[in-house]
Amino acid sequence: MKIATFNVNSIRRRIGGLIAWLNEAQPDVVLLQELKCQDEQFPALDLSGAGYQSAMVGQKAYNGVAVLSKHKIDVVMRALPGEDADDHARYIEADIDNGKEKLRVASIYLPNGNPIDTPKFPYKLRFLDRLRARAQELLALDRAVVLGGDYNVAPTDEDVFDIRKVAGDALVQPQTRLAWRAIVNLGYTDAFRALHGEPHQYTFWDYQAGAWPRDNGWRIDHLLLSPQAADRLEQCVIDRDVRGRPEASDHTPIWCSLKA
DNA sequence: ATGGTGGCGGTGCCA
């Protein structure tokens, strides 16, 4: 079972490249973020033509998350509980049933949180706390759970190109990292870090200031695994070359494979 | 040190 997460930065701009990558990588499940479209604009037909069912939560111009799957999708939730006033399309949770097993997944687009002296930062921290509460509930399922997405969190200084240049950024604040660890410490495994110790392995490079050619990146897209999923973890790979293609997203896909 | 890019939607907001 191969599960990927990919912030596409507009599904309509990226649909051609996305389908090309789906055909190559052949993931079973894909968690998408930053669709930047309303429900009726989502290219479900193109995706079904490529062999993927889809479930999504759209929003005009901003945010938007989806689950794609070769197997049956049963949507469990279309928003993260805990803040009724939050109308951003940032969370979708679903069961994937391949006939042999049921996998619980969520596609998460965490708030960026910049600048940190505005209400955007406390919103990010509240979202992280709400996610911790949901992640705790999901552990009670005693099943394989994969919480994937753009967390907008660089967990350590080794996960950014130069901490000195980005020290004031919401993605590296001590409070942000503390809230991230509160989720991990419930018993979730950062799939990439479980298998790779190398520093400076990135999933996002800004469009600005030549960040990609300079490799000025950030590791902020993550796959968090419940114990039952972590037991089965086989591989975790950042498909870095996708970022270098024409009309690329500013993020690149990362995927993990779980043994049967 | 500074300015630099991209997406949406049709102006500034967001990243």
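The basis for the numbers below is simple: all heavy atoms, side chains too, and nothing from hydrogens, waters or symmetry mates. Chain naming here is simple, since letters A, B, ... match the order of the sequence lines and numbering starts at 1 in each. None of these values were measured; they are calculated from a predicted model.
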Acceptor/donor pairs from residues 59-67 of chain A side chains to any protein atom, 3.5 angstrom cut, sequence neighbours excluded:
from    : atom 1 : to      : atom 2 : distance (Å)
A:Gln59 : OE1    : A:Asn63 : ND2    : 3.2
A:Gln59 : OE1    : A:Ala89 : N      : 2.8
A:Asn63 : OD1    : A:Arg90 : NH2    : 3.3

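- Going from atom OH of A:Tyr62 over to atom P of B:dG12 covers 12 Å, rounded to whole Å.
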Can I get a per-line list of side-chain donor-acceptor pairs under 3.5 Å for residues 253-260 of chain A, giving both atom names and the distance, sequence neighbours left out?
from     : atom 1 : to       : atom 2 : distance (Å)
A:Trp255 : NE1    : A:Asp239 : OD1    : 3.3
A:Trp255 : NE1    : A:Asp239 : OD2    : 3.3
A:Ser257 : OG     : A:Gln235 : N      : 3.3

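- Going from the C1' atom of B:dG4 to that of B:dA15 covers 14 Å, rounded to whole Å.
- Distance, A:Phe204 CZ to B:dC14 C1': 12 Å, rounded to whole Å.
- With sequence neighbours excluded, the residues that form a side-chain contact (heavy atoms from CB on, under 4.5 Å) with A:Ala44 are A:Phe42, A:Ser54.
- The aromatic rings of A:Trp218 and A:Phe161 sit perpendicular to each other, their planes meeting at more than 60°, with 30° as the lower class boundary.
- Spacing between atom CZ of A:Arg12 and atom C1' of B:dC8 amounts to 8 Å, rounded to whole angstrom units.
- When rounded to the nearest whole Å, the span between NE2 of A:His251 and C1' of B:dG7 equals 13 Å.
- Straight-line distance between the C1' atoms of B:dC14 and B:dG10: roughly 16 Å, to the nearest whole Å.
- Checked against the 6.0 Å centroid threshold, A:His88 and A:Tyr109 do not count as a close aromatic pair.
- The CZ atom of A:Arg90 sits 11 Å away from the P atom of B:dC14 (whole-angstrom rounding).
- The salt bridge (Lys or Arg N to Asp or Glu O under 4.0 Å) contacts involving residues 4-24 of chain A comprise A:Glu24-A:Arg245, where partners must be two or more places apart or lie in separate chains.
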Atom pairs under 3.5 Å: protein N/O with N/O of nucleotides 1-6 of chain B:
from  : atom 1 : to       : atom 2 : distance (Å)
B:dT5 : O4'    : A:Tyr207 : O      : 3.3

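- Annotation: proximity of residues 165-176 of chain A to DNA chain B (heavy atom, distance under 4.0 Å) is found for no residue.
- Think of A:Leu178 as one node in a network of Ile, Leu, Val, Met, Phe, Trp and Tyr side chains linked at under 4.5 Å; it has no links at all.
- The stretch residues 176-186 of chain A participates, sequence neighbours left out, in these side-chain hydrogen bond (donor to acceptor under 3.5 Å, both in side chains) pairs: A:Asp157-A:Arg177.
- Taking atom CG of residue A:Asn114 and atom C1' of nucleotide B:dC14, one finds them 11 Å apart after rounding to whole Å.
- Within the structure, the ring-ring contact (aromatic ring centres under 6.0 Å, His included) test picks out the following pairs touching residues 12-40 of chain A (sequence neighbours left out): A:Phe6-A:Trp21.
- Straight-line distance from the CD1 atom of A:Ile116 to the C1' atom of B:dA15: 16 Å, rounded to whole Å.
- A residue-by-residue look at A:Glu34 and A:Gln38 shows that A:Gln38 has its nearest nucleotide of DNA chain B further toward the 5' end.
- Between the P atom of B:dA15 and the CG atom of A:Asp150 lies a distance of 10 Å, rounded to the nearest Å.
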